[in-house]
Amino acid sequence: MAEVVIVESEAQAGEIASALIARLVHSKPNAVLGLATGSTPLSTWKALAARNLDLSKVRGFALDEYVGLPPGHPESYRAVIDREVVIPLHLTPEFIRVPADSGPLEFAGEEYENAIVDAGGIDLQILGIGVTGHIGFNEPGSSLASLTRVKTLTDQTRRDNARFFNSIDEVPTHCITQGLGTILRAKHLVLLAFGSAKAETLAKAVEGPVTASLPASVIQLHPNVTVITDEAAAARLQFADYYRAAWNSRLEWEKAD
Ligand code: GLP
């Protein structure tokens with residue numbers, strides 16, 4: 001069962017997630033982070049920046065990228081990761097990879113997988129969750145064993161992400177994303193979810209059946225998962241009282257801060 005932490009605010013969630021990253025980097029200065037985009041991880045990056053850690057040796061792999069945007073497009077995940085993560089956290093740009101950032105698209109998935117393996121694997125993967133139950137851009141139906149590859153976005157996800165573009169027509173139809181199998185290989189998964197729109201999806205992901213129809217449910221197959229959620233996104237969790245009790249009775253060595 002995932003460790004589920006229910007907090008009052010996104011800021012508090014960011015504190016907890018950033019403490020997990022800080023503990024990792026303290027023991028391994030060149031740790032490998034899995035980086036998510038979207039609004040959900042922003043409080044984590046903010047809290048991490050406030051810790052003023054030396055993150056210059058940290059290596060990073062973004063979860064996903066759109067396919068078909070012109071290079072340098074401000075909503076490409078390369079641009080988003082640079083703006084929201086690399087610059088504020090003073091990461092070393094050459095150490096941060098985004099899928100398909102080098103070489104032909106056809107071989108980009110395999111190349112990315114190899115790069116992750118060469119880096120020693122991802123130590124801590126930050127994840128958001130989409131309303132369709134996607135993590136990265138693994139839409140419903142994605143193989144639970146999938147690796148980095150090109151995918152077609154669902155209309156729902158294109159509509160959800162249209163807010164970052166002038167119109168839905170500008171939202172790409174394709175993406176390249178780490179697979180669910182790639183995500184399962186990371187040593188620690190930290191999934192964040194905020195707001196009532198995520199409540200039903202989060203409950204299915206954490207407590208429902210493991211199914212490709214709800215790709216985030218694959219986290220139940222991972223031995224080391226921390227889910228950090230606000231009260232609104234936690235509203236449909238059946239075992240919320242147990243999660244609260246478990247968090248409040250953590251043993252000293254289990255505490256990150
Ligand atoms: C996008 C990203 C996901 C992200 C999801 C949720 O589709 N590819 O990695 O988790 O949206 O976004 P948000 O955090 O803005 O709700």
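Atoms within a ligand are numbered from 1 in the order they appear, just like the ligands themselves. All values below come from the heavy atoms of this structure, side chains included, with hydrogens, waters and symmetry mates left out.
The shortest contact between atom 5 (C) of ligand 1 and any protein heavy atom is with H134 NE2, 3.7 Å. Looking from atom 16 (O) of ligand 1 to the surrounding protein, the closest heavy atom is K198 NZ, 2.7 Å. Remark: minimum distance from atom 4 (C) of ligand 1 to any protein heavy atom is reached at T37 O, 4.2 Å.
Residues T226 and H188 have side chains that bring a donor and an acceptor to within less than 3.5 angstrom of each other. Counting only N and O atoms by type, the side chains of E113 and T182 include a donor and acceptor under 3.5 Å apart.
Distances from atom 13 (P) of ligand 1 to the heavy atoms of G136, A216, A36, S39 put S39 nearest.
If you take CZ on R159 and CG on L153, they are separated by 12.0 Å, rounding to the nearest 0.5 Å.
Numbered from 1 in the order shown, with element, the atoms of ligand 1 that lie under 4.0 Å from a heavy atom of G38 read 14 (O), 15 (O). Close approach of ligand 1 to R163 (heavy-atom distance below 4.0 Å) involves ligand atoms 15 (O). Counting the atoms of ligand 1 from 1 in the order shown, those under 4.0 Å from a heavy atom of T40 are 13 (P), 14 (O), 16 (O). Using a 4.0 Å cut-off to heavy atoms of D64, the atoms of ligand 1 that qualify are 2 (C), 8 (N), 9 (O). Remark: ligand 1 atoms within the under-4.0 Å shell around heavy atoms of G128 are 10 (O). Near Y77, meaning under 4.0 Å from any of its heavy atoms, are these atoms of ligand 1: 1 (C), 2 (C), 8 (N).
Contact annotation: for I129 versus ligand 1, heavy atoms closer than 4.0 Å belong to the backbone alone.
The pair E3-R250 does not meet the salt-bridge criterion, since no charged nitrogen lies less than 4.0 angstrom from a carboxylate oxygen. Look at E111 and R97 and you find a salt bridge, because one of the NZ, NE, NH1 or NH2 atoms lies within 4.0 Å of a carboxylate O, short of that distance.
Ring-plane geometry between F239 and Y243 is classed as perpendicular, the angle between the planes exceeding 60 degrees on a 0 to 90 degree scale with a lower cut at 30.
The 12-atom threshold is not exceeded at NZ of K204, counting heavy atoms of other residues, nucleotides or ligands nearer than 6.0 Å.
Among I126, T40, V206, L202, the single residue meeting the side-chain contact (heavy atoms from CB on, under 4.5 Å) criterion with L191 is L202.
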